[in-house]
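Here's the structure, in structure tokens; my notes come after.
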Amino acid sequence: MSDSEPPRPRKILSLKSGVAAPGGPPPLERIQRPAGRKRVVITAPEPPPTPPATGDFKCKPCGTRFDPPTELADEDSVRCPSCNARLGLASDFRADPPNVDKLRARYLKK
């Protein structure tokens, strides 16, 4: 305490104090756990693994992931299975790397 503060009329007691307050109830004692019992912790089961996302391409108009069909000829158009948008030629999808400038689909890197 500094000289500028007036003295407190009584002592401030802490609830965590092990000393009993005068005129009050005795402090609580800690209950001891029996030595023979062990604590059992139950954990939630892990969720099943999510299946890997299918599709190497993503349709730009609707965002659906898909694999371009392999049975199409090079001159055939590839269409989105969800919105039926024309996405490009099958030859552009088969190029390595895919020719994304001519496609209306994004190539998703693995």
Side-chain angles (χ1 to χ4, degrees):
M1 289 175 67
S2 66
D3 294 335
S4 63
E5 293 181 22
R8 293 197 169 122
R10 59 185 170 161
K11 216 174 180 186
I12 297 177
L13 298 176
S14 171
L15 295 176
K16 295 181 181 179
S17 173
V19 179
L28 296 175
E29 294 181 14
R30 201 160 250 220
I31 299 173
Q32 297 295 325
R33 191 177 296 165
R37 297 178 74 189
K38 292 185 179 181
R39 182 178 292 203
V40 177
V41 179
I42 299 173
T43 59
E46 288 189 27
T50 57
T54 60
D56 293 342
F57 288 93
K58 186 175 183 181
C59 175
K60 283 183 182 177
C62 71
T64 303
R65 296 179 80 159
F66 70 97
D67 284 323
T70 56
E71 66 273 357
L72 293 178
D74 287 343
E75 302 83 28
D76 290 341
S77 296
V78 174
R79 293 192 169 269
C80 175
S82 178
C83 67
N84 203 28
R86 185 178 178 279
L87 303 176
L89 296 177
S91 61
D92 293 330
F93 279 96
R94 291 189 190 115
D96 190 29
N99 193 354
V100 291
D101 295 333
K102 295 183 178 180
L103 299 177
R104 290 181 63 198
R106 290 186 187 96
Y107 180 67
L108 302 174
K109 296 178 184 176
K110 289 187 178 181

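Model, not experiment: these values are computed from the prediction.
For the pair Phe66 and Leu87, the minimum side-chain heavy-atom distance is below 4.5 Å. A heavy-atom distance below 4.5 Å is not found between the side chains of Pro61 and Cys80.
Note that CZ of Arg94 and CG of Leu72 are 6.5 Å apart. Values are rounded to the nearest 0.5 Å. Atom SG of residue Cys59 and atom CG of residue Leu103 lie 11.0 Å apart, to the nearest 0.5 angstrom. Between Asp67 atom CG and Phe93 atom CZ the span is 10.5 Å, to the nearest 0.5 Å.
For Arg106 (side chain) and Lys58 (main-chain N/O), no donor-acceptor pair under 3.5 Å exists by modelled atom type. For Asp56 (side chain) and Tyr107 (main-chain N/O), no donor-acceptor pair under 3.5 Å exists by modelled atom type. Between the Arg86 side chain and the Arg104 main chain, no donor and acceptor come within less than 3.5 Å of each other.
For Glu71, the CD atom sits in a packed shell: over 12 heavy atoms of surrounding residues, nucleotides or ligands are nearer than 6.0 Å. Other residues, nucleotides and ligands contribute more than 12 heavy atoms inside 6.0 Å of the NZ atom of Lys60.
Leu89 and Val78 fall into different hydrophobic clusters, where Ile, Leu, Val, Met, Phe, Trp and Tyr residues are linked whenever their side-chain heavy atoms come under 4.5 Å apart, directly or through other members.
Here the closest non-hydrogen pair linking Asn84 and Arg79 is O-NH1, 2.9 Å.
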